[in-house]
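So that the names make sense, note that chain A is the first sequence line, chain B the second, and so on, each numbered from 1.
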Amino acid sequence: VAIYSMLIHGLCKAQKIDDACKFFEQMKEKGCRPNVVTYTALIGGLGKARRLADAVLYYEEMQDQGCTPNVVTYSTLIDGMGRAGEVEKACKLFGEMKSRGCCPNVYTYTSLIRVLFKAGRVDLAWEAFNEMKCRNQVPNVFTYNVVIDGLLKVKRFQDALHVCQEMCRTDSRPDQVTYNTLISGLGKAGHLYEAQELFHQMKEKGPSPNAITYAAMIDMLGKAEHVNEAVNFFVEMKIKGFMPDVVCYSSLIDMFGKVGQLLEAKRCFEEMRKQGCKRNVVVYNCILDALGKAGYVDEVALTFKEMQQEGFVPDVFSFNVVIDAYCNAGDLKEAQKLFEEMKEKGCYPDLITYSTLIKGLAEVGRMAEAARLFEEMEATYHA
RNA sequence: GAAAAUCUAUUCCA
């Protein structure tokens, strides 16, 4: 059983979740009874793959088999529920485990807090954070980082600061992630100066900046349109030996697009290939937007085709960007074609898709069609 | 032999 569990865990880690499931079924056929570790490994793998329904099935199956979930199982499943956006279910499970006499540990609380913050239930998250301390579950670096990130994202800077101070008094001293969290949180709130201060602090007394720190700085400066500074950080990070990843390139391309430096955006996009940095849908969306905003619809069309040829499946963002480009070029026909295409492909238009197309129709005076689309939108999103 | 991977990127309008 231990060997099977190990293998299943390995398959899950390697994102080969279907193989893990198959393997799991095989082991049962061969008469080897999975234990709580096996089930938990599989539930964890399914949760990370956002396959909550299957995870829950196995959770039920294990109980039918007389295998009792333990604190690891509960924590794992709460995390999976969070990834699937099922806050209520996560809370319910948390209550259930307690009533069954299973004591939540640091992992459980950290997962729960993260789930609650992500769902915008800040007060409940805060409550859980206090509850864990009352129950003598000592928050660790992960817990603190999750709490600080959650507070910053809802702009509760004072509270975040207090948590930082509390953290400094414990054994869980702030690490790179803590600093990165603070830098990006402050950056998003427009506190560039404070973020830069923190960056210098990192350089002077550690923990030293890593690739993500640089990426966060570059993104922040890019959004503030401080192009030269962003580029300086980009150069510096490469000198320090950090390979910019696809996220970092996306920030740069987006920045160049927004400030109208299309050539630079394209250069970055090409540089990625030379550096062997793999592209993804997001970075394609960035370059599509840059091209579109500069008015190069033909290149948008070419690049849109290229991304699909390379095996990327356009998402709502991609369609919205491309539809916007066509609308701004006055080519409503093509925009509407894409609108239909996305529906056919199972990529459902969202509110942004509708407003983009409505705006496009209105701008060329096709008010009746715009109104009709508006009704369609209301019908879809008000039901 | 099982659990948090915690932090960085993209679309309309404002």
*Of all residues at least two apart in sequence or in a different chain, which pass the side-chain hydrogen bond (donor to acceptor under 3.5 Å, both in side chains) check with A:Thr110?*
A:Thr143
*Output the single nucleotide from B:C7, B:A9, B:A4 whose closest atom is nearest the side chain of A:Thr110.*
B:A4
_If you only use heavy atoms from C-beta on, which nucleotide in B:U11, B:A2, B:C7 is closest to the side chain of A:Ile212?_
B:C7
*When only distance counts, do a donor and an acceptor, one from the side chain of A:Asn280 and one from the base of B:A9, lie under 3.5 Å apart?*
yes
*Select base, sugar-phosphate, or nothing to describe what A:Val321 touches, counting heavy atoms under 4.0 Å on all strands.*
sugar-phosphate
*Near RNA chain B, under 4.0 Å by heavy atom, which residues of residues 38-69 of chain A?*
A:Thr40, A:Ala41, A:Lys48
_At 4.0 Å (heavy atoms only), tell me whether A:Val146 reaches a base, stays on the sugar-phosphate, or touches nothing._
sugar-phosphate
*Counting only non-hydrogen atoms, which of residues 149-176 of chain A are less than 4.0 Å from RNA chain B?*
A:Asp149, A:Lys153
*Please list, by residue number, the residues of residues 265-277 of chain A whose heavy atoms come closer than 4.0 Å to an atom of RNA chain B; answer none if no residue qualifies.*
none
*Under the side chain to side chain contact (heavy atoms under 4.5 Å, CB included) rule, collect the residues that match up with A:Lys293, sequence neighbours excluded.*
A:Asp289, A:Asp324
_If you go through the side-chain atoms of A:Ser355, does one of them form a donor-acceptor pair with the base of B:C12 closer than 3.5 Å?_
yes
_I need the residues from residues 5-24 of chain A with at least one non-hydrogen atom less than 4.0 Å from RNA chain B; give them sorted by number, or say none._
A:Ser5, A:Met6, A:His9, A:Lys13
*Taking the six-membered ring of A:Tyr144 as reference, does the NZ or CZ atom of A:Arg173 fall below 6.0 Å from its centre and within a 45° cone about the axis?*
no
*Between the base of B:A2 and the side chain of A:Asn35, is there any donor-acceptor pair under 3.5 Å?*
no
_B:U10 OP1/OP2 closer than 4.0 Å to side-chain N/O of A:Lys223_ = yes
_Can you see if the side chain of A:Lys258 gets near the phosphate of B:A9 - specifically, an N or O under 4.0 Å from OP1 or OP2?_
no
*Check every atom of B:A3, B:U11, B:U6 against the side chain of A:Phe142 and return the nucleotide holding the closest atom.*
B:U6
_If you go through the side-chain atoms of A:Asn70, does one of them form a donor-acceptor pair with the base of B:A2 closer than 3.5 Å?_
yes
*Does a nitrogen or oxygen in the side chain of A:Lys359 sit under 4.0 Å from OP1 or OP2 of B:C13?*
yes
